[in-house]
Amino acid sequence: MRIVFMGTPEFAVPSLEKLIESSHEVAGVFTQPDRPKGRGNRLTPSPVKVCAQRAGIPVFQPERIRRDGVEDLRSLRPDLCVTAAFGQILSQEILDIPPLGSINVHASLLPRHRGSAPIAHAILQGDRTAGVTTMMMDRGIDTGDMLLKAETEIGETECCGELTERLSRMGAELLMETLRQMEEGNLRRIPQNEAEMSYDPMLTKEMGEVDFRRSAEAVRGQINGLNPWPCASIPWEDGRLKLMRAAPAEGRGIPGEVLVSDPKEGLVLACGEGAVRVLEIQAPGGKRMRTEDFLRGHRIPAGSVL
RNA sequence: CGCGGGGUGGAGCAGUUUGGCAGCUCGUCGGGCUCAUAACCCGGAGGUCGGGGGUUCAAGUCCCUCCCCCGCAA
């Protein structure tokens, strides 16, 4: 098939790579425009752009594809469009261009976790499993008919970054299987059950503010689910202490109480219900490190309240 | 030239304000204690203080410059 790919971040790269390796023809790639990024505000191409250029595939970066990408897309004459975390909403006009429609690789077990941050929200909400779903795109946001799914367990200390990486590879495999079945003509479309759907908001920095009055389960989800961005954090000495990874722990105390703080025994903090063990931490100006290492150079007295 | 923090034995940090013997919590090596230990006691090794240049009797500390890391903002 002649395919146009649309995607932007790392998550989309494995899917694009699989398409490139496959017998399909990748006629073009749409991705977000280069954005100023990092220190010095350097203009940075998206991971998908880098991948496409390396493969010699034409790249299109309209500010809004609905407005100024339509003719480029039409001229590529795709049989099918494939999207993965593209970051722009497709209009009906665009969806009508490929005769076989548009397939999206979404990083959740739909209909749960629609929206742009499904993986983080799965961890945030304490889900035991996460997954990827391939679906036919329609006018709504992640509302189209589902095609295939793959599921995986969420580790109790797994962070969003790690899960994203795993799901991106699973998504690429699932995409290839979806295309295979599509060509064979035995792909079933499964409508989403609207009663079970959830739509999750984009992540913001405010979500990183830790409230130890919440349950240990919720705090742990917040710490792991918001890593690597925006990260859970608490005020600490002229800055913020980022809590990057957490595990369940025994113990109880007043919310925020330091139950254990020792270079050998680690750091355990009391929550509204239960406690969490903090495994990775980042001080202002410092690198991320194991909490045990952090405690060799910083004093957090046991019994104090954060 | 977007704003700011940082680089000190193997790890994590203090010391820089006010130049004057290289320090802390660990790790590591050797010995001791113990039924035993990530415990405790005794002793030791290990540092071009990110690189280069300058000021000074004397620089981790002050000045210039380069490199690298991190956060914010986008």
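Here is how names work: the chains are called A, B, and so on, in the same order as the sequence lines, proteins then strands, and each is numbered from 1. When reading the values below, keep in mind they use all heavy atoms of this one structure, side chains included, and skip hydrogens, waters and symmetry mates.
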Return the value, rounded to whole Å, for the distance between atom CD of A:E206 and atom P of B:C72.
13 Å
How close or far is atom P of B:C70 from atom CD of A:E237, stated in whole angstroms?
21 Å
Are side-chain heavy atoms of A:Q181 and A:L147 found at a separation under 4.5 Å?
no
Donor-acceptor contact below 3.5 Å, side chain A:H121 vs main chain A:P201:
yes
Identity of whatever pairs with B:C40 - Watson-Crick or G-U, under 3.5 angstrom:
B:G32
Figure out the CE/C1' separation between A:M289 and B:U25, and round it to whole Å.
14 Å
Just by distance, do the side chain of A:H24 and the backbone of A:K18 share a donor-acceptor pair under 3.5 Å?
no
Answer yes or no: are there more than 12 heavy-atom neighbours, outside A:Q53 itself, under 6.0 Å from its atom CD?
yes
Can you tell if the side chain of A:P284 reaches within under 4.5 Å of the side chain of A:R240, non-hydrogen atoms only?
no
NA contact type, A:G38, heavy-atom cut-off 4.0 Å: base, sugar-phosphate, or nothing?
base
Using the P atom as the point on both nucleotides, what is the distance between B:G9 and B:G23, in whole Å?
14 Å
Nucleotide B:C13, atom P - distance to CD1 of A:I281 in whole Å:
11 Å
Polar atoms only, N or O, under 3.5 Å: list the protein pairs with nucleotides 3-10 of chain B and their distances.
residue, atom, partner, partner atom, Å
B:G5, N2, A:G285, O, 3.3

For the P atoms, the ones on B:U17 and on B:G50, what distance do you get once it is rounded to whole angstrom?
15 Å
Between A:I300 (CD1) and B:G12 (P), how many Å, whole number?
16 Å
Is B:G19 paired to anything, Watson-Crick or G-U wobble with both distances less than 3.5 Å, and if yes, which nucleotide?
none
What does A:N41 touch in the nucleic acid at a heavy-atom separation under 4.0 angstrom: a base, only the sugar-phosphate, or nothing?
base
Using the C1' atom as the point on both nucleotides, what is the distance between B:U61 and B:G20, in whole Å?
11 Å
To check you understand the geometry: which heavy-atom pair defines the closest contact between A:P118 and A:H113, and what is its length?
CB-O, 3.3 Å
Contact class for A:K37 (heavy atom, under 4.0 Å): base, sugar-phosphate, or nothing?
base
Whether A:K287 contacts B:C68 is assessed here as follows: a side-chain N or O lying under 4.0 Å from the phosphate OP1 or OP2. Is that the case?
no
Closest nucleotide among B:A74, B:U25, B:A11 to the A:P36 side chain
B:A74
Is the backbone N or O of A:G155 less than 3.5 Å from a side-chain atom of A:E162, with the two atoms forming a donor-acceptor pair by type?
no
Determine the interatomic distance between P on B:G60 and the same-named atom on B:C26; round to the nearest Å.
28 Å
Checking one residue: A:F86. Which other hydrophobic residues are in its cluster under the side-chain 4.5 Å linking rule?
A:V4, A:M6, A:F30, A:F60, A:I65, A:V70, A:L73, A:L76, A:L90, A:I94, A:L95, A:I97, A:M137
Which whole number of Å gives the distance between the P atom of B:G30 and that of B:A39?
16 Å
To the nearest angstrom, how far is A:H298 atom NE2 from B:C26 atom P?
16 Å
Counting N and O atoms only, with roles assigned by atom type, does the side chain of A:E273 sit under 3.5 Å from a partner on the main chain of A:A216, one being a donor and the other an acceptor?
no
Nucleotide paired to B:G60 in any strand shown, Watson-Crick or G-U, under 3.5 Å:
none
Rounded C1' spacing from B:G15 to B:G53 in Å:
25 Å
Which residue lies more 5' along RNA chain B, comparing A:D293 with A:R288 via nearest heavy atoms
A:D293
Pairing partner of B:U48 (Watson-Crick or G-U wobble, both distances under 3.5 Å)
none
Across every strand shown, the nucleotide meeting Watson-Crick or G-U wobble geometry with B:C3 (both distances under 3.5 Å) is B:G71
Nearest whole angstrom, please: distance from the C1' of B:A11 to the CD of A:Q282.
17 Å
If we take the P atom in both B:C57 and B:G12, what is their distance in whole Å?
38 Å
Any base atoms under 4.0 Å from A:E265, or only sugar-phosphate, or nothing? Heavy atoms, all strands.
nothing
Atom C1', compared across B:C40 and B:C66: separation rounded to whole Å
49 Å
Would you say B:U25 has OP1 or OP2 under 4.0 Å from some side-chain N or O of A:K264?
no
